[in-house]
Student: 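Structure below; questions to follow.
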Amino acid sequence: MGIHGLQKLINDHAPGAITETEMKNLFNRKIAIDATMSLYQFLIAVRIGGEGQPAAANLTDESGETTSHLQGLFHRTIRMINNGVKPCYVFDGKPPDLKAEELAKRAAKREEAEKNGKEATEAGDTETIAKFAKRTVKVTRKHTEEAKRLLTLMGVPVVDSPTEAEAQCARMAKEGLVYGAGSEDMDSLTFGASVLIRHLTFSEARKMPIKEINLSVVLEQLGLDMNQFTDMCILLGCDYADSIKGIGPVRAFDLIKKHGSLEEIIKNLDSTKYPIPESFDYVRVRQLFKEPDTLPASQIDLKWKDPDEEGLIEFLVKEKGFAEDRVKSGIEKLKKSRGTSVQNRLDSYFGAPVKRKLEEPKKEKGKGAKKAKTGGKAAASPVKKGAGKKK
DNA sequence: GCTCTCTCTGGAGACGGG
DNA sequence: TCCCGTCC
DNA sequence: ACTTCCAGAGAGAG
């Protein structure tokens, strides 16, 4: 997924488009997130390492149904909301035709893995079973429905995209419905997202910084318009077409600057030196990036609500076997964060004074590590960040 | 010297008790 | 603050 | 998608 080498090209030629943001810059920001990608990650990652464990070592409820996606989604979403972010999750619809080839490849791979897994099961080879389990991971309709139910109970809006969620997120950002698209995929920019936010899954300070990439600055600093940028992305290599051997980031950028469009580039390219691959239907790919089948902002209504406490207990604790105290503490974080966010919005609307009573130093029980969000702007920058950096 | 390709490396969810 | 067992 | 994938860094080929 993504555009090959685009991150580096932007690093090199449009560094001003990249901002390392702090959490406060995302406070009250609405961000559209590809839900399917997130669920996939959780299904892959949230597992019990299986020495002697049964094969599919996901977290499960009593009846053996997987709950890894719910566990991951619940906590990650709480984390974001707890930091003032307003996430909405966008779900995939039908994939575009141009992706059929790519999807067929993936399906074949999965089938092969399933076959191997089955043979291992018959042989009772638990190690091999576990090995192939991760390759057969697939986000099912059931996972999706459960994720939507959970998010709705949490008061988080969900959006159904007609086609690719990534394209829908981009359009929502483009049309100003949200601040940006939260994704690791650079093709968000090719789909026209005004702002792409990478490494949003901030795990406190121990992880990578959050990076914002601003599309208009990218275009400005590269000296390209959006059509030229799109053509360059196709040249770099995307999910929907093969790339041309021998054309990398440097030549792609050069060529688009020189000729302005793929038509002109191909016309002027030495085809013996750089043969055009057969499946290089750049006209259709260009069209797909430019006008993907997505909903306009006017047809989407985003509302963040208070969590349904009873509903969450019923779903997560009674049906899915989550620990009640953990779910309750999660709900408390949601309620508290929402209160803060509403309060803050009213404050800024009415020009309220700085003084507030929300200065509880303990954001979590017992852990004073995080800076208490005092009302004043005491320049309370967490200075102690770059601690254990040994390398 | 420049550019692409190859190879190697490291990291890949989140929580929380100790 | 980090490590690592656990989350379900 | 961890028996993989990706990004970054450095070496080497054209």
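Residue numbers begin at 1 in each chain, while the letters A, B, ... track the order of the sequences.
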Student: Starting at CG of A:Asp185 and ending at P of D:dC5, how long is that distance when rounded to a whole Å?
Tutor: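 So the two atoms are 15 Å apart, to the nearest Å.
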
Student: Return the 5'-most residue of the pair A:Ala45, A:Ala252 with respect to DNA chain B, ranking by each residue's nearest nucleotide.
Tutor: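 It is A:Ala252 whose nearest nucleotide is closer to the 5' end.
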
Student: Can you identify which nucleotide, out of B:dC15, B:dG13, B:dT3, has its nearest atom closest to the A:Val250 side chain?
Tutor: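 The answer is B:dT3.
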
Student: Nearest whole Å is fine: how far is B:dT3 C1' from A:Phe253 CZ?
Tutor: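 My rounded result for the distance is 15 Å.
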
Student: What nucleotide among C:dC8, B:dG13, B:dC15 has an atom nearest to a side-chain atom of A:Arg79?
Tutor: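 For A:Arg79, the side-chain atoms sit closest to B:dC15.
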
Student: Give a yes-or-no answer on whether the side chains of A:Ser194 and A:Tyr179 include a donor-acceptor pair shorter than 3.5 Å.
Tutor: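 On atom types as modelled, these side chains do not qualify, holding no pair under 3.5 Å.
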
Student: Roughly how many Å apart are D:dA7 and D:dA1, using the P atom of each and rounding to a whole number?
Tutor: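 Straight-line distance between the two P atoms is 15 Å.
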
Student: Please state how far atom CG in A:Leu316 lies from atom C1' in C:dC7, giving the value in whole angstrom units.
Tutor: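 Atom CG in A:Leu316 sits about 12 Å away from atom C1' in C:dC7.
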
Student: Quantified in whole Å, what is the C1' atom distance between nucleotide B:dT7 and nucleotide C:dT6?
Tutor: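 Rounded to whole Å, the distance is 37 Å.
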
Student: If you assign each of A:Gln7 and A:Tyr40 to its closest nucleotide in DNA chain D, which residue comes earlier from the 5' end?
Tutor: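 In this pair, the answer is A:Tyr40.
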
Student: With distance as the sole criterion, is a donor-acceptor pair present between the side chains of A:Arg171 and A:Thr294 under 3.5 Å?
Tutor: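 A:Thr294 and A:Arg171 do have a side-chain donor-acceptor pair below 3.5 Å.
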
Student: NA contact type, A:Gly72, heavy-atom cut-off 4.0 Å: base, sugar-phosphate, or nothing?
Tutor: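 The residue A:Gly72 makes no contact with any strand.
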
Student: Rounded to whole Å, how long is the line connecting atom CG of A:Asp270 with atom P of D:dG14?
Tutor: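 Answer to the nearest Å: 18 Å.
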
Student: Mapping A:Phe42 and A:Ser329 onto DNA chain B by nearest heavy atom, which one lands closer to the 5' end?
Tutor: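 Here A:Phe42 is the residue nearer the 5' end.
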
Student: On a whole-Å scale, what distance lies between the C1' atoms belonging to B:dG18 and C:dC8?
Tutor: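 The same atom, C1', in both gives a distance of 23 Å.
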
Student: Find the distance A:Leu43:CG to D:dC2:P and express it as a whole number of Å.
Tutor: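 These atoms are roughly 12 Å apart.
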
Student: Find which nucleotide of DNA chain D each of A:Asn11 and A:Ile44 is nearest to by heavy atoms, and output the residue with the more 5' nucleotide.
Tutor: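 Between the two, 5'-proximity favours A:Ile44.
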
Student: Which value, in whole Å, describes the distance between the C1' atoms of nucleotides C:dG5 and B:dG10?
Tutor: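 Rounded to whole Å, the distance is 23 Å.
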
Student: Taking the minimum atom-to-atom distance to the side chain of A:Pro249, which one of D:dA1, B:dC4, C:dC8 wins?
Tutor: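 Within the option list, the nearest is B:dC4.
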
Student: On a whole-Å scale, what distance lies between the C1' atoms belonging to D:dT3 and B:dG16?
Tutor: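 After rounding to an integer number of Å, I get 32 Å for this pair.
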
Student: Rounded to the nearest 0.5 Å, how far does OG1 of A:Thr19 lie from CG of A:Asn214?
Tutor: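 With rounding to 0.5 Å, CG (A:Asn214) is 7.0 Å from OG1 (A:Thr19).
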
Student: Does B:dG13 have OP1 or OP2 sitting under 4.0 Å from an N or O in the side chain of A:Arg76?
Tutor: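 For B:dG13, OP1/OP2 do not have a side-chain N/O of A:Arg76 under 4.0 Å.
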
Student: Measure from the side-chain heavy atoms of A:Arg251 and tell me the nearest of B:dA14, C:dC8, B:dC4.
Tutor: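 Selected nucleotide (nearest to the side chain): B:dC4.
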
Student: Using distance alone, with no hydrogens and no angle criterion, decide if A:Glu166 and A:Ser183 have a side-chain donor and acceptor under 3.5 Å apart.
Tutor: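 Distance-only check passes for A:Glu166 and A:Ser183.
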
Student: Whole Å only: how far is the CG atom of A:Leu9 from the P atom of D:dG8?
Tutor: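 Those two atoms, CG and P, are 12 Å apart.
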
Student: Using the P atom in both, what is the distance from B:dA12 to C:dC4, to the nearest Å?
Tutor: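 These two P atoms come out 14 Å apart once rounded.
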
Student: Rounded at 0.5 Å granularity, tell me how far NE2 in A:His259 sits from CG in A:Asn268.
Tutor: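 Rounded to the nearest 0.5 Å, the NE2-CG separation comes out at 4.5 Å.
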
Student: Mind calculating the distance between CG (A:Asp325) and C1' (B:dC15) to the nearest angstrom?
Tutor: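 The answer, rounded to whole Å, is 12 Å.
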
Student: Please report, rounded to the nearest Å, how far the P atom of D:dA7 is from the CD1 atom of A:Ile213.
Tutor: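 Atom CD1 in A:Ile213 sits about 11 Å away from atom P in D:dA7.
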
Student: Select base, sugar-phosphate, or nothing to describe what A:Gln41 touches, counting heavy atoms under 4.0 Å on all strands.
Tutor: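 Since no nucleic acid heavy atom lies under 4.0 Å of A:Gln41, the category is nothing.
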
Student: Determine the sole option in A:Glu314, A:Glu62, A:Glu146 for which the salt bridge (charged side-chain N to carboxylate O under 4.0 Å, His left out) test with A:Lys320 is passed.
Tutor: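 Only match with A:Lys320 under salt bridge (charged side-chain N to carboxylate O under 4.0 Å, His left out): A:Glu146.
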
Student: Once hydrogens and angles are ignored, does a donor-acceptor distance under 3.5 Å link the base of C:dC8 to the side chain of A:Gln71?
Tutor: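 No.
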
